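Reviewing the structure listed below.
Everything numeric here is computed off the predicted structure, so don't read it as measured data. Note that ligands are numbered from 1 as they come in the structure, with each ligand's atoms numbered from 1 the same way. One is the number of the first residue; the rest follow in order along the sequence.
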Amino acid sequence: MKLYDYPQAPNPRRINIFLAEKGIDVERVSIDLTKGEQLEPAYRAKNPACDVPMLELDDGTCISQIRAICRYFEEIHPQPPMLGSTPTEKALCEMWDHLAFMNGLLAVAEVFRNTAKGFANRAQVGPHAYPQSAELAERGRARVANFFKDFDQHLASHEYVAGNFYSVADITTLAACDFAKWIKAEIPAECTNLKAWYDRMAARPAVQANS
Ligand SMILES: N[C@@H](CCC(=O)N[C@@H](CS)C(=O)NCC(=O)O)C(=O)O
């Protein structure tokens, strides 16, 4: 199998940390986003979503979207569990991973993609061209500030994002916090729970190896 990757970008980094946590090594194929390789016909034929990461199995099956890729690896390589172990843990993991993606990563992306010069007409990931919007960028800043506050409050009473177990939800939240630096937003000093959690996560070898 092959993982189509661009490790400098926040979403591919999520899968790279996930694989490092599981100790899985997989062949990588570079898709250079700065050259627009994700939009080229050969890649688009494999992945109509035109994003990375994307996993191609040996039988030619192509799986995009990080949750789907994580699910695949969790099924074939269950240890250590990264998507929860019990029915409740699995549901909490889905819930918090989704919240971290929607309210964290996508909020930062809303600012970044609507302001960065290189993203004119590329305000959304995918095959379609969307113009930048200053209003969306401004709204995104407010969403990022609320993401920090909401997750700080949550982590006041939880050791990890999905509860008392480490999971992919921690990886997505960490990736969102690091992506926020691209728009010069840092975890606010008053968000002490989030900061303490972040420092613990950033020290993990799998994260260090993908920083
Ligand atoms: N929802 C996707 C997100 C993937 C994504 O947004 N990837 C970005 C890199 S961080 C990308 O491929 N961008 C392509 C582009 O900017 O055209 C997933 O879960 O895999």
Just distances here: any N/O of Arg14 and N/O of ligand 1 closer than 3.5 Å?
-> no
The protein heavy atom nearest to atom 20 (O) of ligand 1 is Ile66 N, 3.0 Å
So the atoms of ligand 1 within less than 4.0 Å of a heavy atom of Ala9 turn out to be 9 (C), 10 (S)
for atom 7 (N) of ligand 1, nearest protein heavy atom and its distance come out as Val52 O, 2.9 Å
Looking only at heavy atoms, the pair that brings Leu39 and Cys50 closest together is CD2-CB, 3.9 Å
side-chain hydrogen bond (donor to acceptor under 3.5 Å, both in side chains) test vs Tyr198 passes for just one of Asp170, Thr173, Asp178, namely Asp178
Within the 4.0 Å heavy-atom cut-off, what Ile69 brings close to ligand 1 is neither
query: Would you say Phe101 contacts ligand 1, with heavy atoms under 4.0 Å as the rule?
result: yes
Discussion item. Less than 3.5 Å apart, any donor N or O on the side chain of Tyr4 or Glu56 sitting next to an acceptor on the other?
Written reply: yes
Sorted by chain and number, sequence neighbours left out, salt bridge (charged side-chain N to carboxylate O under 4.0 Å, His left out) with Asp59 holds for none
- Task: Say whether Ser64 and ligand 1 are in contact under the criterion: heavy-atom distance to a ligand atom below 4.0 Å.
- Result: no
Atom 14 (C) of ligand 1 sits nearest the protein heavy atom Gln38 NE2, 3.7 Å
| said: Does the Lys NZ or Arg CZ of Arg67 fall within the cation-pi geometry relative to Phe101 - under 6.0 Å from the ring centre and within 45° of the axis? | reply: no
Atoms of ligand 1 under 4.0 Å from any heavy atom of Pro12, numbered from 1 in the order shown, are 9 (C), 10 (S)
query: Is the closest basic N to carboxylate O distance between Glu75 and Arg71 below 4.0 Å?
result: yes
Quiz item: Do the side-chain N and O atoms of Thr172 and Asp97 include a donor-acceptor pair separated by under 3.5 angstrom?
Solution: yes
Taking only non-hydrogen atoms of Val125 and a 4.0 Å limit, the atoms of ligand 1 in range are 6 (O), 11 (C), 13 (N), 14 (C)
Nearest non-hydrogen protein atom to atom 6 (O) of ligand 1, with distance, is Asn11 ND2, 3.2 Å
Any heavy atom of Gln65 under 4.0 Å from ligand 1? The part involved is both
Quiz item: Would Arg113 count as a contact of ligand 1 if the rule is a heavy atom under 4.0 Å away?
Solution: yes
Applying salt bridge (charged side-chain N to carboxylate O under 4.0 Å, His left out) to Arg139 and not counting sequence neighbours gives Glu110
Side chains of Val207 and Arg13, heavy atoms from C-beta outward: is any pair under 4.5 Å? yes
